[in-house]
Visitor: 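My structure is below; once you've seen it, I'll send some questions.
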Amino acid sequence: MTKFDLLIKDGYLVDAANHREGYFDLGLSDGKVVEVDPELNPDQAADVCDAKGKLVFPGLVDTHVHLTHTRQAVGFQMLARAGVTCALECGGFVEDVIKGMAACGSGISIAVLNRLDPGVSISGPDAAKSELIEYLTQSLERGAFGLKLLGGHLPLSPETTSTAIEVANQAGAYVAFHCGTTQNGSNLNGLMEALELTGSHRLHICHVTAYCRGLTHGSAETEIMMALEALAAHPHLVSESYFGPYNGTLAELENGVPRSHVTRTCLQRGGYEVSAGGLVAAARDGYMRVQKETPRGVIYLEPKDGAAYLKKMDFKVSISFPVNRRSTALLAATEKDDQGRFIVTALATDGGAIPRNFLLSHGLSLVRFDALTLSGLVHKCCWAPARMLGLPNKGHLAPGADADLVVADPHTHESVLTVAGGNVIMSDGLVIGSGGTIITTERGAKALRARGVQAEVANLPGSLFYNAPNS
Ligand SMILES: [Zn+2]
């Protein structure tokens, strides 16, 4: 008689939430973990995965990804390949994610934040409260998890920013902020302003290191220490940082200049004109990397090809600049407060369809560097982010938890097997999962299910987002 649909055998299991680390077998059935034991009988399993010599982690929960800016939604595949089984899409729109998931889904779960895009989703940078409430209500009813404020790229006035955070809190929705307003850019001043504008409300501060590039307070290292001190003084907020040396932004032009303020700052910093010509020159020189979608994922083009592609696509492409310091990535990933809590709640990637899904590759490098323990890494990539989103059955592997896991090679730092909901969705680089689940709120679940979209309601009221530092 088979007791398990799948048995993960002889792997080295790291489950930070349940303080379990060592050689354990993991029995999965009906999409759940049913047994964890040093020795489970393979005769009782329909299928057995030999994880000898491998690490077994809960499925990675990435609280900052982008999936909607590519035409083929290849980001879903890239995430499954990187060992991610659940993610927060930080830009939306939820409609685009649903379409992408139907066409190119890899079996993972996604919560979606709809962006406040001045001139597109709201009237402009000074949108009134009533407009914000209306947009949020519509977004939630269509299945979105909350709002994304893209202040660094598309700034809103400080007042509209603060009102948007308030409105999302009052509705019990999620809200994440790429700091910056019409008053302050995407820099340390922008982060400090964000902390003030938020007050006692709840907020997810995106990619902490992005404000620490030495633009306003001397060195990047000085700025990250100031940022961490400020975040430690605001323990009711959640935050994440990522490892990638490259940022991610858009080349898209509006009246002859890049629409994104981040793109403008990066061009200036490199000594380039803030114009179409400046973009082409920066691409040709290799300072700016141009992203291109391929069937296997998104890649960075070589400089000459990048400049040509930029023109061919009429500047409607994603681009990256090498502006993230290694020192700030290290500190944001590892620093703790005086109570021993990580100051930055989670490790994320700002990846998905941007080629920097580095949780395993760089995270395990930090373990080798003795900057994180295995358990600390799993805490920051699995358990803490699952709690941020109000998903108590994810991010850990006790009996009863969702059967989401990743088997990783400790030498190559790559995922060799990704399992979501008990199904193998990726094996040795080959993605075999399809479809997926939208993580949503009570207000969106019914509409999603009525459309045939698989939906799961998160416990946002009980989440770390609404209860930090405790939940
Ligand atoms: Zn982002």
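For ligands, and for the atoms within them, numbers begin at 1 and follow the listed sequence.
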Visitor: Taking the six-membered ring for Trp, are the ring centroids of Tyr272 and Tyr287 within less than 6.0 Å of each other?
Guide: yes
Visitor: Which pairs, with at least one residue in residues 180-202 and sequence neighbours excluded, count as a salt bridge (Lys or Arg N to Asp or Glu O under 4.0 Å)?
Guide: none
Visitor: Considering residues at least two apart in sequence or located in another chain, which fulfil the salt bridge (Lys or Arg N to Asp or Glu O under 4.0 Å) criterion with Arg289?
Guide: none
Visitor: Mind counting the protein N, O or S atoms sitting less than 2.8 Å from the Zn ion (ligand 1)?
Guide: 3
Visitor: Hey, does the Lys NZ or Arg CZ of Arg115 hover above the aromatic six-ring of Phe93, less than 6.0 Å from the centre and inside 45° of the axis?
Guide: yes
Visitor: Do His201 and Glu166 pair up side chain to side chain, a donor and an acceptor below 3.5 Å, judged on atom types alone?
Guide: no
Visitor: Which donor-acceptor pairs under 3.5 Å do side chains of residues 138-150 form with protein atoms, sequence neighbours excluded?
Guide:
unit_1: Ser139; atom_1: OG; unit_2: Asn114; atom_2: ND2; d: 3.0
unit_1: Ser139; atom_1: OG; unit_2: Tyr135; atom_2: O; d: 2.8
unit_1: Lys148; atom_1: NZ; unit_2: Cys90; atom_2: O; d: 3.2

